[in-house]
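One structure is given below, encoded as structure tokens.
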Amino acid sequence: MSRKLTVAAAQMGPIARNEPRQSAVARMSEMMREARSKGAQLVVFPELALTTFFPRWHLEDKAELDAFYETGMPNAATRPLFELAAELGVGFYLGYAELLREAGRTRRFNTSILVDRSGAIVGKYRKVHLPGHATHEPWRPFQHLEKAYFEPGDLGFPVFEAFGGTLGMCICNDRRWPETYRVMGLKGVELVVLGYNTPSHNPPVPEHDHLMWFHNHLSMQAGAYQNGTWVVGVAKAGREEGCDLIGQSAIIAPTGEIIAMAQGVGDEVVVADCNLDRCDEIRRQIFDFALHRQPQHYQLIAAAKT
């Protein structure tokens, strides 16, 4: 008997700068209902799903910047999503900007949570690989100030026993780094869920623009295959505040095959059955870590930065 988990990739279209959280939550709630009607048990939403992608602007007003962050979860704006999850019996992954004050200082993270089918938070992750830059660069057509607005995640790459399997999370740029998947792979991860906001134009290397869609799937398919895990990557897509974001939200099997993909760049729900037992096909026959890994030769990977 297989361990089937039916997962929905709930891609979101653009969120305007002045769009209230209640609007984003209403859109997600509609998609959650659609996903459940198609049999989904877990719904995956994008990175920073409650607001526009605000690191594209240089914001000097701290109050304006703080308004994009959540100081608790759930909160008044997001509680309806948690309540609906419990009502429908469907879990979800949600990305958001997190602000906390501890030991007299303010900390900011690009965060995601995993919520079970009862509406309870069962896992938290904070983005480790922050892309972009830390200071205003006026030459850019849009900024990418994640290094200014967030600090690197401090939770590592944990995995969580939920939904009948072993699940892990990452966020956007994390998906490009093989270490992201390998650390969770070594912990037995069977499903990696992630959200992203990826522009179709990369100002420092515009010669790569035509490769954005290829690299998006390449990194997730490689991570899935090389670690024998399902990967579900979900976009915020479309033309958001003048910036074009790629779509291609996808559900990827442990063989690296894309078994379902969004067709457009708006709000769209894509559902697929993920047999978690299929992870063993790769882990026993191709990448048997215990049998074939030679970690004594990989020490440089974990060496301190120079």
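Note that the structure is a prediction, hence the values are computed from the model and not measured. Just so you know, these numbers use all the heavy atoms, side chains as well, and skip hydrogens, waters and symmetry mates.
- In summary, the side chains of Lys4 and Asn275 do not present any donor paired with an acceptor at a separation below 3.5 Å, with no hydrogens or angles considered.
- Scored by the side-chain hydrogen bond (donor to acceptor under 3.5 Å, both in side chains) test, Thr166 finds Glu161 as partners (sequence neighbours excluded).
- Residues satisfying the side-chain hydrogen bond (donor to acceptor under 3.5 Å, both in side chains) criterion with Gln296, sequence neighbours excluded, are Gln294.
- Checking Leu59, Leu50, Leu99, Leu48 one by one against Phe68, the side-chain contact (heavy atoms from CB on, under 4.5 Å) holds for a single residue, Leu59.
- Every residue two or more places apart in sequence or in another chain was checked for a side-chain hydrogen bond (donor to acceptor under 3.5 Å, both in side chains) with Ser37, and none qualifies.
- Going from atom CZ of Phe45 over to atom CE of Met32 covers 4.5 Å, rounded to the nearest 0.5 Å.
- Residues Tyr96 and Tyr69 place their aromatic rings such that the two centres sit no closer than 6.0 Å.
- Counting only heavy atoms from C-beta outward, the side chains of Met184 and Val192 approach each other to under 4.5 Å.
- Residues that satisfy the side-chain contact (heavy atoms from CB on, under 4.5 Å) test with Asp280, not counting sequence neighbours, are Arg284.
- Of the inter-residue distances, the one linking Leu186 atom CG with Phe157 atom CZ reads 12.5 Å to the nearest 0.5 angstrom.
- Contacts of Tyr225 classified as side-chain contact (heavy atoms from CB on, under 4.5 Å), with partners at least two apart in sequence or in another chain: Ile282, Ile286, Phe287.
- Each salt bridge (charged side-chain N to carboxylate O under 4.0 Å, His left out) pair with one or both residues in residues 175-194, not counting sequence neighbours, appears once here: Arg3-Glu190.
- Residues passing the salt bridge (Lys or Arg N to Asp or Glu O under 4.0 Å) test with Arg36, sequence neighbours excluded: none.
- A 6.0 Å sphere centred on CH2 of Trp177 holds no more than 12 heavy atoms belonging to other residues, nucleotides or ligands.
- A donor atom on one side chain and an acceptor atom on the other are found under 3.5 Å apart for Thr52 and Glu240.
- Counting Ile, Leu, Val, Met, Phe, Trp and Tyr side chains that sit under 4.5 Å apart, directly or through other members, Leu291 stands alone, with no cluster partners.
- Using modelled atom types, one finds a donor on one side chain and an acceptor on the other under 3.5 Å when comparing Tyr196 with Asn216.
- With rounding to the nearest 0.5 angstrom, the CE atom of Met212 is 7.5 Å from the OG atom of Ser200.
- Members clustered with Leu100: Phe109, by chain and number, using a 4.5 Å side-chain heavy-atom cutoff among hydrophobic residues.
- Residues that satisfy the side-chain contact (heavy atoms from CB on, under 4.5 Å) test with His136, not counting sequence neighbours, are His58, Pro138, Gln143.
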For residues 119-128, dump all side-chain donor-acceptor pairs below 3.5 Å to protein atoms at least two apart in sequence or in another chain.
{"unit_1": "Lys124", "atom_1": "NZ", "unit_2": "Glu98", "atom_2": "OE2", "d": "2.8"}
{"unit_1": "Tyr125", "atom_1": "OH", "unit_2": "Val128", "atom_2": "N", "d": "3.1"}
{"unit_1": "Tyr125", "atom_1": "OH", "unit_2": "Asp174", "atom_2": "OD1", "d": "3.4"}
{"unit_1": "Tyr125", "atom_1": "OH", "unit_2": "Asp174", "atom_2": "OD2", "d": "2.5"}
{"unit_1": "Arg126", "atom_1": "NE", "unit_2": "Glu98", "atom_2": "OE1", "d": "2.9"}
{"unit_1": "Arg126", "atom_1": "NH1", "unit_2": "Asp154", "atom_2": "OD1", "d": "2.9"}
{"unit_1": "Arg126", "atom_1": "NH1", "unit_2": "Asp154", "atom_2": "OD2", "d": "3.4"}
{"unit_1": "Arg126", "atom_1": "NH2", "unit_2": "Glu98", "atom_2": "OE1", "d": "3.4"}
{"unit_1": "Arg126", "atom_1": "NH2", "unit_2": "Glu98", "atom_2": "OE2", "d": "3.0"}
{"unit_1": "Lys127", "atom_1": "NZ", "unit_2": "Glu47", "atom_2": "OE2", "d": "3.0"}
{"unit_1": "Lys127", "atom_1": "NZ", "unit_2": "Glu146", "atom_2": "OE1", "d": "2.8"}
{"unit_1": "Lys127", "atom_1": "NZ", "unit_2": "Glu146", "atom_2": "OE2", "d": "3.2"}

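- In summary, the side chains of His208 and Asn202 do not present any donor paired with an acceptor at a separation below 3.5 Å, with no hydrogens or angles considered.
- Side-chain atoms of Val271 and Val7, non-hydrogen and from C-beta on, never get closer than 4.5 Å to each other.
- Every residue two or more places apart in sequence or in another chain was checked for a side-chain hydrogen bond (donor to acceptor under 3.5 Å, both in side chains) with Asp288, and none qualifies.
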